[in-house]
2 protein chains.
Amino acid sequence: MEIIDINKALANQTRLNILKWLKDPEANFRPHEDLGHFNDGVCVFHITERAGLSQSTISTYLIQMQKASLIIPTRHGKWTYYKRNEAVIAEYIKALNNQL
Amino acid sequence: MEIIDINKALANQTRLNILKWLKDPEANFRPHEDLGHFNDGVCVFHITERAGLSQSTISTYLIQMQKASLIIPTRHGKWTYYKRNEAVIAEYIKALNNQL
DNA sequence: TTCTTATATCTAGATTTATAGATGTGTTCT
DNA sequence: AGAACACATCTATAAATCTAGATATAAGAA
């Protein structure tokens, strides 16, 4: 876990929002039509829709967040779902508690 | 307290180090010749020395961290001392615990 | 007052980030 | 196979950040 990479990822309002939204998909996104659940997170299309930025920007953001280990992608056919990496997020907060 | 501003301030290894160093000035800096204590933190010169970057860069960093409310400056004659703003740092960690 | 010292601010070039349009890749549908 | 779809990647531009040298400011020293 690279604290600096995580801090960079969270130094942007949209990316911070995405991480928060993914905490409660039911409250923040409309249901997935094909899948009917959020077990693997939320698909890029819905996140793009919610954030109000272009598809390429959101895709870039999500990949950056994934490289920082904050989220985990799962491919289902033509959709990619992203969910929170709770273990790393907890580790990150713990590290801040100890080191900061 | 602006979380994004704090995250930006902490998205740089040197600035993160400075905040950590200020947690234990005795361990991380040589004594202040004139003052003999670290009650108001550490002077810019010593921080510059420790960080190994230019004076103007460190001054800029410190002011950025101060604008994010992470540190507090105190002027004593021609020296400026910076100390941690423990209240804001605690508030920040608490906010991450609750919101992240 | 002049010189030195500590820090802040200004200026500038190199690098990184923000953001979107265009294009590529893999998947599904017909 | 061909069209449509979801997403990733490429390209490009504007804005922000990194960093240092030069300069300004303010305080102490001579």
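Sequence lines set the chain letters: A, B, ... in the order given, protein chains first and strands last, and positions in each chain run from 1.
- When rounded to the nearest whole Å, the span between CH2 of B/W79 and C1' of D/dG28 equals 8 Å.
- Formation of a donor-acceptor pair under 3.5 Å by the B/H32 side chain with backbone atoms of B/C43 is found in this model.
- In this structure, B/I58 atom CD1 and D/dC18 atom P are separated by 12 Å, rounded to whole Å.
- Between B/N12 and the phosphate of D/dC18, there is a side-chain N or O to OP1/OP2 separation shorter than 4.0 Å.
- Residue whose closest nucleotide on DNA chain C sits further toward the 5' end, between A/D34 and A/K8: A/K8.
- One can place CZ of A/R75 at 7 Å from P of D/dA8, the figure rounded to the nearest angstrom.
- Straight-line distance from the CD atom of A/Q66 to the C1' atom of D/dT9: 14 Å, rounded to whole Å.
- Residue B/R15 places at least one side-chain N or O closer than 4.0 Å to OP1 or OP2 of D/dC18.
- Taking a 6.0 Å sphere around NZ of B/K20, one finds it holds more than 12 heavy atoms contributed by other residues, nucleotides or ligands.
- Contacts of B/Y81 with the nucleic acid, taken as non-hydrogen atoms under 4.0 Å apart, are absent.
- A salt bridge is absent between A/K83 and A/E86: the closest approach of a Lys/Arg side-chain nitrogen to an acidic carboxylate oxygen does not fall below 4.0 angstrom.
- Counted within 6.0 Å of CD on A/E49, heavy atoms from surrounding residues, nucleotides or ligands total more than 12; the atom is thus considered enclosed.
- A/L62 comes within contact range of no nucleotide atom at all, as no heavy-atom separation falls under 4.0 Å.
- Here the C1' atom of nucleotide D/dA6 and the CD atom of A/Q55 are 7 Å apart, to the nearest Å.
- In this structure, A/M65 atom CE and D/dA8 atom P are separated by 13 Å, rounded to whole Å.
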Next item on the list: Determine, step by step, whether A/S54 and A/T57 satisfy the side chain to side chain donor-acceptor pair (under 3.5 Å) criterion, reporting the C-alpha distance in whole Å, the side-chain angles of both residues, the deciding distance to 0.1 Å, and the verdict.
Entry: CA-CA 5 Å; A/S54 77; A/T57 297; 2.9 Å; yes
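- Distances shown here put every side-chain N or O of A/Y61 at or beyond 4.0 Å from the OP1 or OP2 atom of D/dA8.
- In summary, contact between chain A and DNA chain C, defined as any nucleotide atom under 4.0 Å from a heavy atom of the protein, begins and ends at C/dT17 to C/dT28 in the 5' to 3' direction.
- Nearer the 5' end of DNA chain D, as judged by each residue's closest nucleotide, is the contact made by A/T80, out of B/Q64 and A/T80.
- Atom pair B/L53:CG and D/dT17:P shows a separation of 17 Å (rounding to whole Å applied).
- Rounded to whole Å, atom C1' of D/dC5 lies 17 Å from atom NE2 of A/H76.
- In this structure, A/I89 and A/L19 have side chains that are in contact, with non-hydrogen atoms separated by less than 4.5 Å.
- Within 6.0 Å of atom NZ in A/K94, 12 or fewer heavy atoms from other residues, nucleotides or ligands are found, so the atom counts as exposed in its surroundings.
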